[in-house]
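These notes concern the structure reproduced below.
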Amino acid sequence: MIGVVLNMVRSFSPLEGKHGERIATVDIGGHDLKVYMTGGSEPDSYEVIPTDLRGAMLETGDLDVDAYQRTVKGLGQAATAIKNDGTVETRATTCSAGRGMSPSALARLEADVQGILGTGLVVVPGDMEAELGFYGALSCVGARTQDQRVVTVDVGGGSTELAVGTLSRGVSSTVSMPVGGSSLKIAVDGETFDVESVEHTIDDYIAEAGDLSVFKWEPGTMLVIIGGIAGTLSAWTRDAKTTDPHAMDGEELLVEDLAPAGRMFFRLTPEEMAESGCVIPGREDSIGYAGLVLSTIVEALDAKTVVVSSGGVAQALAVDANWKKLLASVRKPAAKGKTLEEAD
């Protein structure tokens with residue numbers, strides 16, 4: 001289908017107050033590792049590095065040592081990119097992947113982040129992940145007005161977060177559901193032939209989340225889909241052969257087109273996904289499950305249209321106020337050489 005690029009108001013930026021010096025934010029997810037570098041006089045830089053950390057996690061929350069090496073390699077790639085960029089501070093986080101780890105597995109990841117990136121690791125709570133995703137998403141697509149009602153849907157590797165609010169009043173409600181692309185694949189044991197059966201599993205997660213009426217689409221609402229699957233599925237829906245994370249920013253799609261595309265995308269083999277030109281190499285195994293989660297949820301919210309954004313947690317944490325709020329909520333160390341009190 002042919003999409004429409006919305007004419008958004010950029011003057012109401014949720015990322016005012018970004019750090020003045022050049023910094024990097026690294027968000028370690030279940031699918032991939034996102035590196036966002038911003039500040040100073042250089043243009044922003046954004047890189048997505050596939051790692052499939054969720055796929056390396058055993059049912060106990062421990063790590064499969066061999067599979068985990070993809071994450072270690074990804075951290076090394078991130079460190080090289082950050083060094084070459086000349087950033088002066090690195091902020092590292094993990095969301096659902098870290099929340100699902102055993103204490104020993106998390107300790108190993110923390111040690112590797114410290115050793116490779118030279119900074120501490122902050123595990124982001126689900127409600128905070130949803131809030132940060134809201135502001136990060138709007139940093140890339142804006143909003144029509146300060147008071148426009150916005151709902152964000154962020155499907156990751158291990159969880160899905162919803163948030164609703166406005167730029168003028170902030171986020172009013174959030175919810176985090178323990179289902180994402182990689183975790184769904186594990187839950188259904190890699191089943192790909194029965195779409196209806198897998199959708200029933202997603203429906204169970206939605207039901208367990210409770211009353212989602214506050215997130216329902218209504219006329220005048222902008223529902224923003226974020227995360228890697230948002231760009232991938234929207235590009236595939238439009239037959240736009242691109243893996244550029246920003247290529248689909250601001251694109252408005254009809255759910256009546258996007259939802260069936262999600263089901264068709266789910267049925268593709270990894271080889272077909274690779275040939276599509278829309279999937280970042282290394283994400284073929286679980287990205288189809290994320291597409292099915294996304295299409296099922298936007299339908300459950302009665303959405304008629306969605307807007308695509310590549311923004312998320314990594315972008316939001318470039319704002320000092322957001323970073324300090326996160327640190328205050330979890331009482332974790334800030335960047336290398338700084339305690340929470342010093343960061344404040």
Decide side-chain contact (heavy atoms from CB on, under 4.5 Å) for Val255 and Asp257; before the verdict, give the C-alpha distance in whole Å, the side-chain angles of both, and the deciding distance to 0.1 Å. CA-CA 5 Å; Val255 172; Asp257 294 317; over 6 Å; no
Path from Leu58 to Ile186 over hydrophobic side-chain contacts below 4.5 Å: no
Check whether any side-chain heavy atom of [X] lies under 4.5 Å from a side-chain heavy atom of [Y], and answer yes or no.
| X | Y | answer |
| --- | --- | --- |
| Ile28 | Leu33 | yes |
| Val224 | Phe134 | no |
| Thr93 | Val123 | no |
| Val164 | Thr152 | no |
| Met222 | Arg149 | no |
| Arg238 | Glu251 | yes |
| Lys185 | Ser182 | no |
| Glu161 | Cys95 | no |

Over all atoms of both residues, closest heavy-atom pair of [X] and [Y]:
| X | Y | value |
| --- | --- | --- |
| Pro50 | Val48 | CD-O, 3.7 Å |
| Ala105 | Leu63 | CB-CG, 3.7 Å |
| Ala235 | Cys278 | C-SG, 3.9 Å |
| Ile82 | Val26 | CD1-CG2, 3.8 Å |
| Tyr205 | Ala187 | OH-CB, 3.8 Å |
| Ala300 | Ile206 | CB-CD1, 4.2 Å |

Donor-acceptor under 3.5 Å ([X] side chain, [Y] main chain):
| X | Y | answer |
| --- | --- | --- |
| Thr25 | Ala314 | yes |
| Asp249 | Ser310 | yes |
| Thr160 | Val155 | no |
| Gln315 | Gly311 | no |
| Thr232 | Ile229 | no |
| Thr243 | Ile280 | no |
| Thr119 | Thr90 | yes |
| Asn84 | Thr80 | yes |
| Thr221 | Trp217 | no |

Report the C-alpha distance between Lys304 and Glu256 in whole Å, list the side-chain angles of each, state the deciding distance to 0.1 Å, and finish with yes or no for salt bridge (charged side-chain N to carboxylate O under 4.0 Å, His left out). CA-CA 7 Å; Lys304 301 295 186 260; Glu256 66 183 30; over 6 Å; no
Once you round to the nearest 0.5 Å, how far does [atom1] of [X] lie from [atom2] of [Y]?
| X | Y | atom1 | atom2 | value |
| --- | --- | --- | --- | --- |
| Leu167 | Arg144 | CG | CZ | 13.5 Å |
| Asp194 | Glu199 | CG | CD | 9.5 Å |
| Ser276 | Phe265 | OG | CZ | 6.0 Å |
| Cys140 | Met248 | SG | CE | 14.0 Å |
| Asp64 | Leu53 | CG | CG | 11.5 Å |

Tell me yes or no: between the side chains of [X] and [Y], is some donor less than 3.5 Å from an acceptor?
| X | Y | result |
| --- | --- | --- |
| Tyr68 | Asp112 | yes |
| Tyr135 | Asn322 | no |
| Asp147 | Ser168 | yes |
| Asp44 | Thr38 | yes |
| Asp62 | Thr60 | yes |

Test salt bridge (charged side-chain N to carboxylate O under 4.0 Å, His left out) on Lys241 and Asp239; report intermediate values, then the result. CA-CA 6 Å; Lys241 298 183 182 300; Asp239 196 26; 3.8 Å; yes
Can you tell me which residue among Leu258, Leu268, Val279 is in a side chain to side chain contact (heavy atoms under 4.5 Å, CB included) with Trp236?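 Result for side chain to side chain contact (heavy atoms under 4.5 Å, CB included) with Trp236: Leu268.
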Which class fits the ring pair Tyr46 and His246: parallel under 30°, tilted 30 to 60°, perpendicular over 60°?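 Rings of Tyr46 and His246: tilted, as their planes differ by 30° to 60°.
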Any salt bridge linking [X] with [Y]? Criterion: basic side-chain nitrogen under 4.0 Å from a carboxylate oxygen.
| X | Y | value |
| --- | --- | --- |
| Asp52 | Arg54 | no |
| Arg99 | Glu129 | yes |
| Glu272 | Arg267 | no |
| Arg91 | Asp320 | yes |
| Glu299 | Lys216 | no |

For Asp85 and Arg22: C-alpha separation, side-chain torsions, deciding distance, then whether side-chain contact (heavy atoms from CB on, under 4.5 Å) applies. CA-CA 9 Å; Asp85 189 78; Arg22 192 75 172 167; 2.7 Å; yes
Determine whether Thr87 and Ile23 satisfy the following criterion, side-chain contact (heavy atoms from CB on, under 4.5 Å), listing intermediate values before the conclusion. CA-CA 5 Å; Thr87 59; Ile23 68 167; 5.5 Å; no
From CA spacing to verdict: side-chain contact (heavy atoms from CB on, under 4.5 Å), Ile297, Leu294: CA-CA 5 Å; Ile297 288 177; Leu294 178 59; 5.9 Å; no
Would Thr242 and Asp244 satisfy side-chain hydrogen bond (donor to acceptor under 3.5 Å, both in side chains), going step by step from the backbone distance to the final call? CA-CA 6 Å; Thr242 178; Asp244 179 354; 5.1 Å; no
